[in-house]
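Notes to accompany the following structure.
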Amino acid sequence: MIPKLRAWDKQDERMRTVSSINFAHEVISCKFAELKPFDLVDEFSIDDVILMQSTGLKDKNGVEIYEGDVINCRNSFRNPMTGSGSLSINRDFKIIFENGEFKAEGFDIRLKNILSYSEVIGNIYENPELLKGHEK
């Protein structure tokens with residue numbers, strides 16, 4: 001699988017789609033996320049953007065989930081540790097990459113196991129207010 005990336009443009013404070021990365025010259029080619037495939041591409045120094053990798057997973061609405069996204073997870077289900085009782089959640093989580101896997105920060109269940117009742121509601125750069133009270 002070829003990694004799919006997006007980039008937060010620190011100067012313009014806009015999300016961009018990464019077209020290519022030249023590691024030798026430390027340059028990233030990007031376009032605005034909302035543009036069509038043949039629109040203009042800009043080049044940036046690696047230091048001028050924040051890269052976020054796709055998890056390769058989609059939320060319950062079919063929206064691709066990236067590192068740095070904020071998902072809302074809402075469901076009641078049987079306690080996976082005991083097999084009895086129930087566990088209810090209704091909370092927003094930041095998607096992080098930790099110990100070799102993507103996960104919902106502060107939630108010890110694999111991301112792929114909560115997709116059917118989670119939805120992307122924004123990301124930490126365009127919507128920092130989503131994580132009020134949480135460390136970013």
Requested in this report: Let me see the working for V120 and E64 under side-chain contact (heavy atoms from CB on, under 4.5 Å), right down to the final yes or no.
Outcome: CA-CA 8 Å; V120 174; E64 191 163 14; over 6 Å; no

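- Residues V49 and V27 fall into different hydrophobic clusters, defined by Ile, Leu, Val, Met, Phe, Trp and Tyr side chains chained together at heavy-atom separations under 4.5 Å.
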Query raised in the report: Step by step, would you call D9 with D42 a side-chain contact (heavy atoms from CB on, under 4.5 Å)?
Result: CA-CA 11 Å; D9 178 346; D42 295 320; over 6 Å; no

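- Enclosure of atom CD in E126 by more than 12 non-hydrogen atoms of other residues, nucleotides or ligands within 6.0 angstrom is indicated.
- Contact detail for F102 and L111: the closest heavy-atom pair is O-CB, 3.8 Å.
- Annotation: the span from L57 atom CG to I65 atom CD1 amounts to 6.0 Å, rounded to 0.5 Å.
- With respect to I96, the side chain to side chain contact (heavy atoms under 4.5 Å, CB included) criterion is satisfied by exactly one of E101, E67, E105: E105.
- The side-chain heavy atoms of F44 and R16, taken from C-beta on, include a pair separated by under 4.5 Å.
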Query - R6/T17 under side-chain contact (heavy atoms from CB on, under 4.5 Å): CA gap, chis, key distance, verdict - result: CA-CA 5 Å; R6 69 179 182 193; T17 301; 5.6 Å; no

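- When side chains are defined from C-beta on, L5 does not count as touching I28, because their heavy atoms never get closer than 4.5 Å.
- Summarising the local packing, NZ of K10 is surrounded by more than 12 heavy atoms from other residues, nucleotides or ligands at distances under 6.0 Å.
- The NZ atom of K103 sits 11.0 Å away from atom CD1 of I95, with the distance rounded to the nearest 0.5 Å.
- For the atom pair CD of E43 and OG of S20, the computed distance is 7.0 Å after rounding to the nearest 0.5 Å.
- Shown here for F93 and A104, the closest heavy-atom pair between the two residues is CB-CB, 3.6 Å.
- Of the inter-residue distances, the one linking D92 atom CG with I121 atom CD1 reads 3.5 Å to the nearest 0.5 angstrom.
- Between Q53 and P3, the shortest heavy-atom distance links the atoms NE2-CB, 4.0 Å.
- Expressed to the nearest 0.5 Å, how far OG of S29 lies from CG of N22 amounts to 8.0 Å.
- Among all heavy-atom pairs drawn from A7 and L51, the shortest one is CB-CD2, 4.0 Å.
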Report task. Starting from the C-alpha separation in whole Å, work towards a yes-or-no answer on side-chain contact (heavy atoms from CB on, under 4.5 Å) for S116 and K60. Result -> CA-CA 5 Å; S116 62; K60 69 180 186 180; 5.6 Å; no

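- Summarising the geometry, atom CH2 belonging to W8 is positioned 14.0 Å from atom CG belonging to D48; distances are rounded to the nearest 0.5 Å.
- Taking all atoms of both residues into account, the shortest heavy-atom contact from M52 to Y66 is O-CD2, 3.6 Å.
- Between Y125 and E13, the closest side-chain pair of non-hydrogen atoms is not below 4.5 Å.
- Cluster annotation: I21 is not connected to I50 through the hydrophobic network of ILVMFWY side chains, with a link wherever side-chain heavy atoms come within less than 4.5 Å.
- The number of heavy atoms from other shown groups lying within 6.0 Å of CG (N90) is above 12.
- N123 and D69 are not linked by any side-chain donor-acceptor pair at a separation below 3.5 angstrom, with hydrogens and angles left out of the test.
- A side chain to side chain contact (heavy atoms under 4.5 Å, CB included) with I71 holds for exactly one of D59, L130, L115, I114; it is I114.
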